[in-house]
Undergrad: 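Provided herewith is a single structure, encoded as structure tokens, for subsequent inquiry.
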Number of protein chains: 2
Amino acid sequence: MEAKITAILRKHQLSITEARKKILSLFWETGNALAHGDIEQKSSEDFDRVTIYRTLQTFVEKGIIHTIPTSDNSVRYALCKDECAAGHHHDDHVHFICDDCGTTYCIDEVSVPKVKLPKGFRAVQTDLVISGTCNKCEQ
Amino acid sequence: MEAKITAILRKHQLSITEARKKILSLFWETGNALAHGDIEQKSSEDFDRVTIYRTLQTFVEKGIIHTIPTSDNSVRYALCKDECAAGHHHDDHVHFICDDCGTTYCIDEVSVPKVKLPKGFRAVQTDLVISGTCNKCEQ
DNA sequence: TACAACAATGCAACTTTGTTGCAAAATATT
DNA sequence: AATATTTTGCAACAAAGTTGCATTGTTGTA
Ligand SMILES: [Mn+2]
Ligand SMILES: [Mn+2]
Ligand SMILES: [Zn+2]
Ligand SMILES: [Zn+2]
């Protein structure tokens, strides 16, 4: 586990620090996406708020995590696939946000469909975000 | 114009006030989506910030405007189609955010494709947000 | 039109969220 | 181990969002 974490950091040419290891391991443990606030709750005793902001920003830039847009002013972050690198993300999967429990899932098995845009519009990134009830909250 | 605005408010059983008329007309004039900040800039001399927050919230609840998720912690709002009502939105079109000029478009002519989710996941709302270069910024 | 009932607004005070500069500490490099 | 580089914490700040309440504006009715 620890080895895996440090390997990822090293691969992206980041120095290995306590904050980065802890935040990265949080993503591995939960499996799902995390908002800044989630991370702050789970590590506020260990790190300053500012460090979390900077770490998330660094991880996004390096292609370790990707962002998930939301309609409630709280961007979520989730681990990228191996192929992602600095400046080149390849996370073309659907995201699901549960209205009940708030959990945000990367639905890796469903990829975002290509859509044809009107003349003159050039797409760089496409996000498909679905909200509703997740498989745990559906009884 | 003024007549159209008041008609919309009346239709949704909202009392007709200066703030609501002004904010609603801003959406009609620009045609594109607006963030809270945009509205504040264009009307801060007329209204208090709090009024803008409350007005946008009311408009969303009544089905006059809909939200557009973003990855930069600034939700955008745009006019709904006529069929939208309180609690029931029918805005199944694609949204486009220009990385150059920041303009957010409702691409009405392109509708969001249906996607099949894993067992147990029930979709209530689907948002397809594309970012890139818009037809005005593409030279 | 005038009045009463109701709803919306402004203001103040506050909380939460995000940003920046800089010195201290940690990490990497030699 | 010594030095160079990077990261972190802290403080101070700015921006964004929330809440309660008195005042003002709107609506329906007499
Ligand atoms: Mn994802
Ligand atoms: Mn729209
Ligand atoms: Zn759930
Ligand atoms: Zn543009």
Side-chain angles (χ1 to χ4, degrees), chain A residues 2-3 5-26 33-62 64-65 67-77 86 102 104, chain B residues 2-3 5-26 33-62 64-65 67-77 86 102 104:
Chain A
E2 166 97 10
I5 298 290
T6 55
I8 294 173
L9 292 174
R10 221 179 291 274
K11 177 184 162 192
H12 291 91
Q13 292 149 40
L14 289 174
S15 44
I16 290 146
T17 70
E18 289 306 310
R20 287 173 179 169
K21 283 192 287 184
K22 174 68 185 280
I23 291 174
L24 195 44
S25 64
L26 280 179
L34 297 170
H36 172 95
D38 300 325
I39 297 169
E40 198 170 326
Q41 283 184 346
K42 296 179 184 180
S43 70
S44 62
E45 310 207 334
D46 306 324
F47 308 107
D48 194 81
R49 234 159 37 85
V50 178
T51 300
I52 301 174
Y53 281 112
R54 297 197 264 226
T55 302
L56 289 174
Q57 189 181 306
T58 302
F59 283 3
V60 170
E61 286 166 359
K62 290 290 186 175
I64 297 174
I65 60 177
T67 57
I68 302 163
T70 70
S71 286
D72 70 342
N73 277 329
S74 79
V75 176
R76 314 290 162 88
Y77 302 86
T104 302
Chain B
E2 168 96 10
I5 299 289
T6 56
I8 294 174
L9 292 174
R10 222 178 290 276
K11 177 184 162 191
H12 291 90
Q13 293 149 40
L14 289 174
S15 44
I16 291 145
T17 69
E18 288 306 310
R20 288 173 177 167
K21 283 194 287 185
K22 175 68 185 279
I23 291 174
L24 195 43
S25 65
L26 280 180
L34 296 170
H36 172 95
D38 299 326
I39 297 168
E40 198 171 326
Q41 283 185 345
K42 296 179 183 178
S43 69
S44 62
E45 310 208 333
D46 306 324
F47 308 108
D48 193 81
R49 234 157 39 85
V50 178
T51 300
I52 301 174
Y53 282 112
R54 297 198 264 227
T55 301
L56 289 174
Q57 189 181 306
T58 302
F59 283 2
V60 170
E61 286 166 359
K62 290 288 185 176
I64 297 174
I65 59 177
T67 57
I68 302 163
T70 69
S71 286
D72 71 342
N73 277 329
S74 81
V75 176
R76 314 291 163 88
Y77 302 87
T104 302

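Labels below follow one simple rule: chain letters A, B, ... track the order of the sequence lines, proteins then strands, and each chain is numbered from 1. All heavy atoms count here, side chains included; hydrogens, waters and symmetry mates do not.
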Undergrad: Do you know which two heavy atoms are closest between A:Lys62 and A:His12, and how far apart they sit?
TA: O-CD2, 3.0 Å
Undergrad: For residues B:Phe47 and B:Ile39, determine if any side-chain heavy atom of one lies less than 4.5 Å from a side-chain heavy atom of the other.
TA: no
Undergrad: Give one of base, sugar-phosphate or nothing for A:Asp72, where a contact means two heavy atoms less than 4.0 Å apart.
TA: nothing
Undergrad: Please give me the minimum heavy-atom distance between B:Val75 and B:Thr70, naming the atom from each residue.
TA: N-OG1, 4.1 Å
Undergrad: Determine the minimum heavy-atom distance between B:Ala33 and B:Arg76, stating which atoms define it.
TA: CB-CB, 4.0 Å
Undergrad: Can you pull every protein N or O that's under 3.5 Å from an N or O on nucleotides 12-19 of chain C?
TA:
unit_1, atom_1, unit_2, atom_2, d
C:dG18, OP1, B:Asn73, ND2, 2.7
C:dG18, OP2, A:Tyr53, OH, 2.7
C:dG18, O5', A:Tyr53, OH, 3.3
C:dG18, N7, A:Arg49, NH1, 3.1
C:dG18, N7, A:Arg49, NH2, 3.1
C:dG18, O6, A:Arg49, NH2, 3.2

Undergrad: In this structure, how many angstroms lie between the P atom of C:dA7 and the NE2 atom of B:His12, rounded?
TA: 18 Å
Undergrad: What integer distance in Å separates B:Leu56:CG from D:dT18:C1'?
TA: 15 Å
Undergrad: Considering only distance and modelled atom types, tabulate donor-acceptor pairs under 3.5 Å from the side chains of residues 51-58 of chain B, sequence neighbours left out.
TA:
unit_1, atom_1, unit_2, atom_2, d
B:Thr55, OG1, B:Thr51, O, 2.7
B:Thr58, OG1, B:Arg54, O, 2.8

Undergrad: Under 3.5 Å, which N/O atoms of the protein pair with N/O atoms of nucleotides 25-30 of chain C?
TA:
unit_1, atom_1, unit_2, atom_2, d
C:dA28, OP1, A:Ile16, N, 2.8

Undergrad: Write down the distance between CD (A:Glu61) and P (D:dT7), rounded to a whole number of angstrom.
TA: 11 Å
Undergrad: Just so I know, are the side chains of B:Ser15 and B:Arg20 near enough to count as touching, which here means a heavy-atom distance under 4.5 Å?
TA: yes
Undergrad: Considering every strand and a 4.0 Å limit on heavy-atom distances, what is the contact class for B:Arg20: base, sugar-phosphate, or nothing?
TA: sugar-phosphate
Undergrad: Over how many whole Å does the gap from A:Lys22 atom NZ to D:dT8 atom C1' extend?
TA: 16 Å
Undergrad: Tell me the interatomic distance from B:Lys21, atom NZ, to D:dG25, atom C1', rounded to whole angstroms.
TA: 12 Å
Undergrad: In whole Å, what is the span from the CD atom of B:Gln13 to the C1' atom of D:dT26?
TA: 16 Å
Undergrad: Specify the separation, in whole Å, of atom CD1 of B:Ile23 and atom C1' of C:dG10.
TA: 14 Å
Undergrad: If you measure from CG on B:Asp38 to OG on B:Ser74, what distance do you get to the nearest 0.5 Å?
TA: 8.0 Å
Undergrad: Heavy atoms, side chains only, cut-off 4.5 Å: are B:His36 and B:Arg49 in contact?
TA: yes
Undergrad: Of the non-hydrogen atoms in B:Ile68 and A:Ser71, which two are nearest, and what is the gap between them?
TA: C-OG, 4.2 Å
Undergrad: Whole angstrom is fine here: how far is it from CG in B:Asp38 over to C1' in D:dA16?
TA: 14 Å
